[in-house]
Amino acid sequence: MTLGLAVIGGPASAAAISASQVTLIRTGGFAGVHDCYVVDSTTVHADTPRLMQLVSSWQFRRLDATYPASTQGADRFVYTVVVRYGHRWTKTVHTIEGADAPAVLWQTISLTQQISLDVSSTPAR
């Protein structure tokens, strides 16, 4: 079975696809920040397995590529989440603070940032 079929296959095939790395890029905000947070499957943190399971789920893999804000606003953070599955496939999702995006995306953003901060105490720039 090809990877494309596994993604379309739904929950039963979800176990066949495992995430190996999550990268979160956060830009904007009042100060115009540009932060990059990276968590991979070998990151030593209690929540790393939970994050990898979350981004390996069919709910995450079926997210749209972009979730724009429904209203205009200044000084919002813009988020780009890039998940690597093995060495061949990635999924990228973009959103902005205040967008009506699925909970799985906001959970991924929060967990990635928290794990990265806990492990390194400062984001990589």
Side-chain angles (χ1 to χ4, degrees):
M1 178 165 26
T2 67
L3 185 58
L5 291 175
V7 171
I8 296 170
S13 62
I17 299 175
S18 295
S20 58
Q21 183 178 35
V22 182
T23 302
L24 168 64
I25 301 166
R26 181 180 74 156
T27 59
F30 179 73
V33 301
H34 183 99
D35 295 327
C36 182
Y37 305 92
V38 179
V39 177
D40 68 31
S41 58
T42 65
T43 300
V44 178
H45 190 279
D47 287 327
T48 298
R50 184 171 147 219
L51 175 62
M52 294 301 150
Q53 183 178 25
L54 186 67
V55 297
S56 296
S57 71
W58 66 270
Q59 292 93 338
F60 184 88
R61 293 191 335 259
R62 288 190 177 188
L63 288 175
D64 292 338
T66 304
Y67 291 91
S70 58
T71 60
Q72 296 290 331
D75 302 328
R76 293 183 186 185
F77 286 114
V78 176
Y79 299 98
T80 301
V81 177
V82 180
V83 178
R84 178 170 300 283
Y85 301 90
H87 297 288
R88 301 178 135 202
W89 188 59
T90 61
K91 177 165 185 72
T92 302
V93 182
H94 304 276
T95 194
I96 188 166
E97 190 174 24
D100 186 21
V104 68
L105 179 56
W106 295 118
Q107 291 167 347
T108 298
I109 290 168
S110 178
L111 264 176
T112 304
Q113 187 173 4
Q114 190 58 55
I115 293 168
S116 184
L117 288 172
D118 286 352
V119 169
S120 68
S121 77
T122 58
R125 293 193 186 250

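The residues of the chain are indexed from 1 along the displayed sequence.
In this structure, the separation between CD on Gln114 and CG on Leu24 is 12.0 Å, given to the nearest 0.5 Å. To the nearest 0.5 angstrom, Ile115 atom CD1 is 4.5 Å from Leu51 atom CG. Taken to the nearest 0.5 Å, the CG atom of Asp35 stands 7.5 Å off from the CZ atom of Phe77. Here the CZ-OG distance, from Arg62 to Ser57, works out to 10.5 Å after rounding to the nearest 0.5 Å. Remark: Thr95 OG1 to Ile109 CD1 distance equals 6.0 Å, nearest 0.5 Å.
Scanning both residues, His45 and Asp118, for their nearest heavy atoms gives NE2-OD2, 2.8 Å. Residues Tyr85 and Thr90 approach most closely at CD1-CA, 4.5 Å, considering heavy atoms. Nearest heavy-atom pair across Lys91 and Leu63 is NZ-O, 2.7 Å. Here the closest non-hydrogen pair linking Glu97 and Arg76 is O-CD, 3.2 Å. Taking every heavy atom of both residues into account, Ala19 and Ser56 meet most closely at N-OG, 2.7 Å. Residue Pro68 comes nearest to Ala99 through the heavy atom pair O-CB, 3.5 Å, listed as atom of the first residue, atom of the second, then distance.
Taken together through direct or relayed side-chain contacts under 4.5 Å among Ile, Leu, Val, Met, Phe, Trp and Tyr, Val83 and Tyr67 form part of one hydrophobic cluster. At a threshold of 4.5 Å between side-chain heavy atoms, the hydrophobic network of Ile, Leu, Val, Met, Phe, Trp and Tyr places Val93 and Ile96 in two separate groups.
Between the Ser110 side chain and the Gln107 main chain, no donor and acceptor come within less than 3.5 Å of each other. Side-chain atoms of Ser116 do not come within 3.5 Å of backbone N or O of Thr112 as any donor-acceptor pair.
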Derivation of the side-chain contact (heavy atoms from CB on, under 4.5 Å) call for Leu105 and Tyr79: CA-CA 10 Å; Leu105 179 56; Tyr79 299 98; over 6 Å; no

Check against side-chain contact (heavy atoms from CB on, under 4.5 Å), Arg50 and Leu111: CA-CA 9 Å; Arg50 184 171 147 219; Leu111 264 176; 3.9 Å; yes

side-chain contact (heavy atoms from CB on, under 4.5 Å) between Val104 and Leu54, worked out: CA-CA 7 Å; Val104 68; Leu54 186 67; 3.5 Å; yes

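Side chain to side chain, His94 and Thr80 meet the donor-acceptor criterion of an N or O pair below 3.5 Å.
Just one of Val82, Ile25, Thr23 meets the side-chain contact (heavy atoms from CB on, under 4.5 Å) condition when paired with Thr92; it is Val82.
Within a 6.0 Å sphere centred on CG of Asp75, other residues, nucleotides and ligands contribute more than 12 heavy atoms.
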